Amino acid sequence: MAADNFALFLGCVAPLRYPGIEKATRELFKGLGYDLKEMTGAGCCPAPGVIRSFDQATWLALAARNLCIAEKQGCDILTICNGCYGSLFEANHMLQEDPELLKKVNEILAEVGMKYEGKVKVRHFAEVLFRDVGIERMKQKFTKPLSYNVAVHYGCHFSRPTKIKHLDDPERPRMLDELVEWTGSKSVPYADKNMCCGAGGGVRSRDSKFALSFTETKLKNMKAVNAQFIIDVCPFCHLQFDRGQKDLPGYDIPVIHLAQLYGLAMGLPESSLGLEAHEIKVTL
Amino acid sequence: MSNAKIPDPDFAQSIIDAGGKTLDLCYQCGTCTASCPSGRTTAFRTRQLIRKAQLGLKDDILPSEDLWMCTTCYSCVERCPRDVDIVDIIILMRNMAVQKGYMAEDHKKVGRSLMKSGHTVPASDKLKQLRVSMGLSENPPTTLGDPAALADFQKIMNKTGFEKLIGGA
């Protein structure tokens, strides 16, 4: 697939809860010279925790439909959410590794006149920035030096399972910390940094109080190091931290997606960051 | 005998056949339990769930709350010295539970939302206004506002029997 362009996969939470993440991503990649293609008619990835837990066959077929939309455009997929990345990457991996499974899924896709050839790569925008764009090209685009002390939250489905993703060290990842530090901000270490936000696996929708207990543990550790912002690369973790703090007295750490942080560093106006959609007020 | 746990000798094999090929590799070291954030504050024990699966304690596992405690964070998978695909195995057992009708009402709601719109969360008018004010399209260029695409999405779900599985739209 063409390496110089991507099909933008939006998913659900970014476009329908935090459109600033979508807007900032579009502006960021436009500024870098990419012409992102629309994945017209794409749906939910579908979500790895809920839908895959209900029925893997449905999950796989719907993921394959999304992969087909990008394949038809001749582009690899760019995701802005760990959940979308997790689902599409894993589904793609399964289909590329198992010709029998691919055949079975294509029989389902034939119902809607589609066929997946297995040619697409699924990428996460953060690793594209890190690996394809790189620090030199990125720094040329930054016009506003930032000097925040932030708590980086990786989220589970960014680099794990590492045996198929090969992005970073599972215990001591560095990629997102470095991406944050390219802007001039400082990634502050905190206890249990790699812990889950609590939302995944269908836990948030089934038992929100239990999900929140994870979130509170993380927030307590972030607060202990005086983090000014939480930086994430997943709209679902973003939602869990942002909306979760409404129900957790004593916490009000603003939550910023990396695309929004990069938008800010590139001098985008605040109106392009969609900060009014955030529950916890973001003061820059 | 009400507490008797009767093993189903075919259960472990059914997990293996569905894709959980590494189930038998577990030697019960407990690294998974030690790594699990859900187990920190609850009685959920990953090692126990995997052992029950190996033993075929289907009637114990499928209706259980434990099956839904996993956030799929993969901490256990990353550390498992036997490379057991713990999360995949839990997901396969969840699929079996759903097939038996064990599914939370809130999860059915998520499933219904997916069938209705192609998304797991609804779009509010306020959100659409915000999108427009930012120079984005009112609806994202997805199944929302694209009836033909949504019809295709739903056709796939009908073919796989999703609606029936979650107990109707």
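Letters go in sequence order (proteins before strands), and every chain restarts at 1. Quantities reported herein were computed from a predicted structural model and do not represent experimental measurements.
Proximity to chain B involves both the backbone and the side chain of A:Q56, based on heavy atoms less than 4.5 angstrom apart. Both the backbone and the side chain of B:M134 come within contact range of chain A, judged by heavy atoms closer than 4.5 Å. If you measure heavy-atom distances from A:N194 to chain B, you find no contacts under 4.5 Å at all. Of the atoms belonging to A:R206, heavy atoms from both backbone and side chain fall under 4.5 Å from chain B. B:N95 touches chain A through backbone and side chain together, each having a heavy atom under 4.5 Å away. Contact of A:M39 with chain B is made through the backbone alone, with heavy-atom distances under 4.5 Å. Contact annotation for A:L8: neither backbone nor side-chain heavy atoms come within less than 4.5 Å of a heavy atom of chain B. Contact of A:F210 with chain B is made through the side chain alone, with heavy-atom distances under 4.5 Å. The contact between B:L144 and chain A is made entirely by side chain atoms (from C-beta outward), counting heavy-atom distances below 4.5 Å. A:T162 touches chain B through backbone and side chain together, each having a heavy atom under 4.5 Å away. For chain B, the nearby part of A:S271 is the backbone; its heavy atoms alone come within less than 4.5 Å.
Here the side chains of B:T160 and A:I108 are in contact, with some heavy-atom distance below 4.5 Å. Using a 4.5 Å heavy-atom threshold, the side chains of A:P19 and B:L127 count as touching. In this structure the side chain of B:E163 never reaches within 4.5 angstrom of the side chain of A:T58, judged on heavy atoms. Using a 4.5 Å heavy-atom cutoff, the side chains of A:L10 and B:P141 are in contact.
For A:K72, the NZ atom sits in a loose shell: 12 or fewer heavy atoms of surrounding residues, nucleotides or ligands are nearer than 6.0 Å. When the shell of 6.0 Å around NZ of A:K220 is examined, it contains 12 or fewer heavy atoms from other residues, nucleotides or ligands.
Using a cutoff of 4.0 Å between basic side-chain nitrogens and carboxylate oxygens, A:E111 and B:K159 are scored as salt-bridged. Salt-bridge check for B:D85 with A:K163: passed, with a basic side-chain N closer than 4.0 Å to an acidic carboxylate O.
Annotation for B:I91 and A:R52: closest pair CG2-O, 3.5 Å, computed over non-hydrogen atoms. A:A61 and B:I156 get closest at one heavy-atom pair: CB-CG2, 3.6 Å. The minimum heavy-atom distance linking A:G41 with B:T143 is given by the pair O-CG2, 3.6 Å. B:L114 and A:C44 make their closest contact through CD1-CB, 3.4 Å (heavy atoms, listed as atom of the first residue, atom of the second, distance). Nearest heavy-atom pair across A:A47 and B:T120 is CB-CG2, 4.5 Å.
Annotation: the span from B:L130 atom CG to A:E276 atom CD amounts to 5.0 Å, rounded to 0.5 Å. Interatomic distance, CD of A:E22 versus OG of B:S137, reported as 6.5 Å (0.5 Å rounding). Atom SG of A:C12 sits about 5.0 Å away from atom NE2 of B:H119, to the nearest 0.5 Å.
Interface summary for chain B: among A:V203, A:T217, A:I69, the most heavy-atom pairs under 4.5 angstrom belong to A:V203. Taking chain B as the reference chain and counting heavy-atom pairs below 4.5 Å, the highest number among A:A199, A:G113, A:C156 is found for A:C156. Options A:G200, A:G49, A:S53, A:C45 differ in how many heavy-atom pairs under 4.5 Å they form with chain B, and the most are formed by A:S53. Highest contact tally toward chain A, considering only B:V98, B:T142, B:V110, is held by B:T142 [criterion: heavy-atom pairs under 4.5 Å]. Between chain B and the options A:P161, A:A14, A:A57, heavy-atom pairs under 4.5 Å are most frequent for A:P161. With respect to chain B, the highest number of heavy-atom pairs below 4.5 Å among A:D192, A:D98, A:V13 belongs to A:D192. By number of non-hydrogen pairs under 4.5 angstrom with chain B, the leading residue of A:T40, A:I51, A:V50, A:D55 is A:D55. Per-residue heavy-atom pair counts under 4.5 Å with chain A were compared for B:D146, B:D152, B:N158, and the maximum is reached by B:D152. When the candidates B:K128, B:M103, B:E105, B:R94 are compared by the number of heavy-atom contacts under 4.5 Å with chain A, B:R94 comes out ahead.
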_B:Q154 vs A:V112, side-chain contact (heavy atoms from CB on, under 4.5 Å): CA-CA, chis, key distance, verdict_ = CA-CA 10 Å; B:Q154 290 165 336; A:V112 294; over 6 Å; no

_Verdict with supporting geometry, B:D106 and A:R204, salt bridge (Lys or Arg N to Asp or Glu O under 4.0 Å)_ = CA-CA 10 Å; B:D106 284 328; A:R204 178 184 162 89; over 6 Å; no

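Below 4.5 Å, heavy atoms of chain A meet heavy atoms from B:P37, B:S38, B:R40, B:T41, B:T42, all part of residues 25-50 of chain B. For a heavy-atom cut-off of 4.5 Å, chain A lies close to B:E65, B:W68, B:M69, B:C70, B:T71, B:T72, B:C73, B:Y74, B:S75, B:E78, B:R79 in residues 55-79 of chain B.
Using a distance-only test at 3.5 Å, with no hydrogens or angles considered, a donor-acceptor pair links the side chain of B:R131 to the main chain of A:P15.
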